[in-house]
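The structure presented is a predicted model; accordingly, all values stated were derived computationally and were not measured. Atoms considered below: every heavy atom in the structure, side chains included; atoms not considered: hydrogens, waters and symmetry mates.
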Amino acid sequence: MIDIKILDTPLNIQSCIDWVMSPECGGIDVFIGTVRNATKGKTVVQLEFEAYESMAINEMKKIAEDVLQKWPVQKILIHHRTGLLNIGEVPVVIAVAAAHRDAAFEACRYTIDTLKHSVPIWKKEVFENGEVWVAAHP
Amino acid sequence: MIDIKILDTPLNIQSCIDWVMSPECGGIDVFIGTVRNATKGKTVVQLEFEAYESMAINEMKKIAEDVLQKWPVQKILIHHRTGLLNIGEVPVVIAVAAAHRDAAFEACRYTIDTLKHSVPIWKKEVFENGEVWVAAHP
Amino acid sequence: MKINVLAFGIVKDIFGSASIETELNGAPTVEELKSTLEEKYPRLKQLASYMVAVNNEYAQQQQVIETGDEIAIIPPVSGG
Amino acid sequence: MKINVLAFGIVKDIFGSASIETELNGAPTVEELKSTLEEKYPRLKQLASYMVAVNNEYAQQQQVIETGDEIAIIPPVSGG
């Protein structure tokens, strides 16, 4: 089972975990991205996330379907937030439930790695004296 | 920072995650063990966990200190529950926060793998018609 | 043929807008669209890379754009 | 020397109690404790394996047990 969402409100981690829990599963791995207060030694004030929503949902579904093909995973959830986020807030939650923990760990890591590579979502770092779209320039 | 606990009451996953969150961290990996409804095709009714508490705390601390040596991890939490657990309940929560996600994933997986190998906690599977201490016999 | 092009992230800054309209001849390919846009918005060439999406899918250079397709410029992604 | 031995998991079932007392001569090693216990409780030998903990640490076979040490029998663990 797959649950994919892009939300402009705070992500509810407990609800994400509740959704993946099931009596057939023995292990859940959850990845939670959080906004760091610094990047490459520079103080970060806020992050802004923008998504090309229809395509981002599309690409996240592809990743989730891929995971269900590759690993014996029961449930996978990917929630990504958009808009302005403060330090410590959560842009992304990925939760994977499987009968055995190895599959949960591997699938969860694959999901965040692939998401960062292929899903059309963009992050702008807001500093004290300027802002920059991450990874835009070489 | 390290937080190790053995509790005979339900684990609060959200509090575990709140404890590891910090402004220096960009990634949190959380492993949640859950009680499965079956093992090797047999229906499980309940699990009972017993700990040699003082030594289990000791061994879990060793794992956590080992993690802080081996990976650039900020915070690690290991909470294990004891007593009778029903299907879907949570015997263990491990949460690891790091600046970067690779360290969080690797440290979290190392922690649960090592815990299952070295920490003096025992699990009894309760079936419809009998019960068995897991792994006791060859 | 008139093409509406959606912009995201830094491309929105480059276009100065969340979408622009551009005129292309005949049955243009993705490659031709890119050339035309790069001529009009040279800062596109300074990006680490960028892709074109057609109907919510990453498109190849030779893919032909058809009337009604949803076209978007995808600068390097950085979600998660 | 009287030794109090803590039991957990299946060893509690084998001993029929959460702890037992046993008598050993002189300055016994962990190995000697195991032999004595296995004689009294042969089911210990049917376990996949078991360790002895002295003062909350896994002990080697040749470790000498001293008065006041906390001794526990650790059958195969299965937490998590």
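Within a 6.0 Å radius of CD in Glu23(C), more than 12 heavy atoms belonging to other residues, nucleotides or ligands are found. In Gln60(C), the CD atom is not crowded: 12 or fewer heavy atoms of neighbouring residues, nucleotides or ligands sit closer than 6.0 Å.
Interface check for chain C: of the options Ala136(A), Ala51(A), Pro91(A), the most heavy-atom pairs under 4.5 Å are formed by Ala136(A). Listed options Lys62(A), Lys124(A), Arg81(A) were ranked by heavy-atom pairs under 4.5 angstrom with chain C; first place goes to Lys62(A).
If you measure heavy-atom distances from Ala56(A) to chain C, you find no contacts under 4.5 Å at all. Both the backbone and the side chain of His137(A) come within contact range of chain C, judged by heavy atoms closer than 4.5 Å. Within the 4.5 angstrom heavy-atom criterion, no atom of Glu48(A) approaches chain C. Contact annotation for Val134(A): both backbone and side-chain heavy atoms come within less than 4.5 Å of a heavy atom of chain C. Only the side chain of Phe49(A) has a heavy atom closer than 4.5 Å to any heavy atom of chain C. Only the backbone of Ala7(C) comes within contact range of chain A, with heavy atoms under 4.5 Å apart. Within the 4.5 angstrom heavy-atom criterion, only side-chain atoms of Trp133(A), from C-beta onward, approach chain C. Using a 4.5 Å cut-off between heavy atoms, Lys116(A) contacts chain C through both its backbone and its side chain. Contact of Tyr58(C) with chain A is made through backbone and side chain together, with heavy-atom distances under 4.5 Å. When heavy atoms are compared at a cutoff of 4.5 Å, Pro120(A) approaches chain C by way of both its backbone and its side chain.
Between Phe15(C) and Tyr41(C), the ring-plane angle classifies as tilted under the 30° and 60° cut-offs.
If you take NE2 on His79(A) and CD1 on Ile94(A), they are separated by 11.0 Å, rounding to the nearest 0.5 Å. Annotation: the span from Asn37(A) atom CG to Asn86(A) atom CG amounts to 12.5 Å, rounded to 0.5 Å.
A salt bridge between Glu50(A) and Lys12(C) is present, with a side-chain N of the basic residue lying under 4.0 Å from a carboxylate O of the acidic one.
Residues passing the side-chain hydrogen bond (donor to acceptor under 3.5 Å, both in side chains) test with Lys75(A), sequence neighbours excluded: none.
Tested against Ile32(A), the residues Val92(A), Ile13(A), Ile112(A) include a single side chain to side chain contact (heavy atoms under 4.5 Å, CB included) partner, Ile13(A).
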